[in-house]
Amino acid sequence: MISGFTECIFCKKNAENLTDEHIIPYAMNGTAVLRRATCESCARITGRFEHELFREYWLSNRVNLGMKSRKKKTQPKTVRLPLQSDKARLVEIPVDEVPLPTLMLPNWPAPGILRGLPSTTEYQMTLDHQFYYDIAAMAKLQNTRGVSNRHRFRDQTFARVIAKIAYTDCISKYGIQHYTPFLSDFILSQQVRHDYKHYIGGTDLSRERLFPEPSPQHMFSCAITTIPEMHEDCVYAVSYLNFFSGYGTPVYAVVSGKFDGIPLISGATPNARK
Ligand SMILES: [Zn+2]
């Protein structure tokens, strides 16, 4: 584990008051940290999108699974779900009334770079999502409360969270020397954009192949691989992430950056592609 960065790993500008950075967010029970890695300004930006995912979209799942929260006292006791009859109106439902799981996740194609697309590709918005919920329990909630299971979910928020995990995980494993990150800009960007789909997406690889030893709780798995054949003189760092894997959720691929001048990094799993 490397620690004590001389500049913020995200903006590369600030070197004062760097704070510890959780690799897997604390809200997802993550414990590993990069010591003194992030400036206050970047921590505020990343905190905002993590808040949106963990305290809004995934709140009921996290609470009902007893996952960690740094601010348990201020943790919302209700989630807002849209009315079936009027999707624009939101109804407050106590967290413990919401079935486990009630998950919505983007259904993405593989990152463009892994499909051989040029970096100039103009990516479009994706509207396709996968839903995970207990059908009987959700039907009961829908009957008694008249709500829909389809809550607000911004793909870009989710993409920024997994980009940040892949980026910090890669740094913790391989360091920043020789490493050119693809996504540090995107992680900090507040604008709506779709170019991240060049580096972030789904995968055709099977879960069993990527995660032969899933975590006992089937909550989270992460691995890093390199793709030497993508380019002759550099290797790519690819992370695979799977949240709430016990529910058969999709695995996501994040190409967080590339390493120049290193033929193959020891410790990495070479060539996990089909
Ligand atoms: Zn910064």
Side-chain angles (χ1 to χ4, degrees), residues 1-58 62 68-71 74 111 113 119 123 154-201 220 222 224 234-241 243 252-262 265:
M1 178 75 50
I2 56 166
S3 63
F5 294 88
T6 53
E7 56 189 20
C8 168
I9 58 166
F10 294 108
C11 67
K12 308 281 182 202
K13 278 182 266 174
N14 300 329
E16 303 269 303
N17 302 324
L18 296 180
T19 58
D20 292 353
E21 184 63 73
H22 271 264
I23 295 167
I24 307 300
Y26 184 79
M28 292 302 285
N29 291 353
T31 50
V33 292
L34 290 176
R35 297 256 171 244
R36 299 189 302 281
T38 311
C39 77
E40 284 171 12
S41 157
C42 291
R44 260 197 303 279
I45 295 171
T46 61
R48 238 174 273 144
F49 61 71
E50 291 184 331
H51 187 280
E52 189 176 321
L53 182 68
F54 300 125
R55 304 258 289 194
E56 191 183 330
Y57 307 161
W58 286 357
R62 289 186 40 255
K68 287 183 190 171
S69 172
R70 206 173 265 124
K71 299 173 191 160
T74 59
I113 192 172
S119 58
Y123 294 92
R154 287 200 300 177
D155 285 22
Q156 185 162 332
T157 300
F158 178 66
R160 291 170 84 190
V161 170
I162 64 174
K164 192 192 134 188
I165 294 171
Y167 178 49
T168 51
D169 187 41
C170 187
I171 291 176
S172 80
K173 287 192 167 103
Y174 309 115
I176 44 177
Q177 233 192 339
H178 309 292
Y179 178 59
T180 307
F182 294 145
L183 293 163
S184 48
D185 216 36
F186 167 65
I187 292 167
L188 296 180
S189 167
Q190 322 252 26
Q191 277 140 23
V192 175
R193 50 199 280 186
H194 303 296
D195 56 345
Y196 66 83
K197 286 167 187 158
H198 195 62
Y199 304 108
I200 301 175
F220 182 85
C222 180
I224 278 196
C234 66
V235 289
Y236 292 79
V238 188
S239 300
Y240 294 99
L241 304 97
F243 298 97
Y252 296 98
V254 180
V255 187
S256 67
K258 64 175 182 174
F259 293 91
D260 290 296
I262 302 177
I265 295 148

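Only this structure's heavy atoms are used, side chains among them; waters, hydrogens and symmetry mates stay out. Quick note: residue numbers are just sequence positions, from 1. Both counts, for ligands and for their atoms, begin at 1 and track the order of listing.
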Q) Counting only protein atoms, how many N/O/S atoms are less than 2.8 Å away from the Zn ion (ligand 1)? A) 4
Q) salt bridge (charged side-chain N to carboxylate O under 4.0 Å, His left out): which pairs involve residues 7-18, sequence neighbours left out? A) none
Q | Results of salt bridge (charged side-chain N to carboxylate O under 4.0 Å, His left out) for R48 - residues two or more places apart only | A | none
Q | Between F158 and Y252, ring centroids under 6.0 Å | A | yes
Q: Only counting residues at least two apart or in another chain, list the ones meeting salt bridge (charged side-chain N to carboxylate O under 4.0 Å, His left out) with K197.
A: none
Q) Can you tell me if CG on D20 sees more than 12 non-hydrogen neighbours from other groups inside 6.0 Å? A) yes
Q: Assess the pair F259 and Y174: is the distance between their ring centroids shorter than 6.0 Å?
A: yes
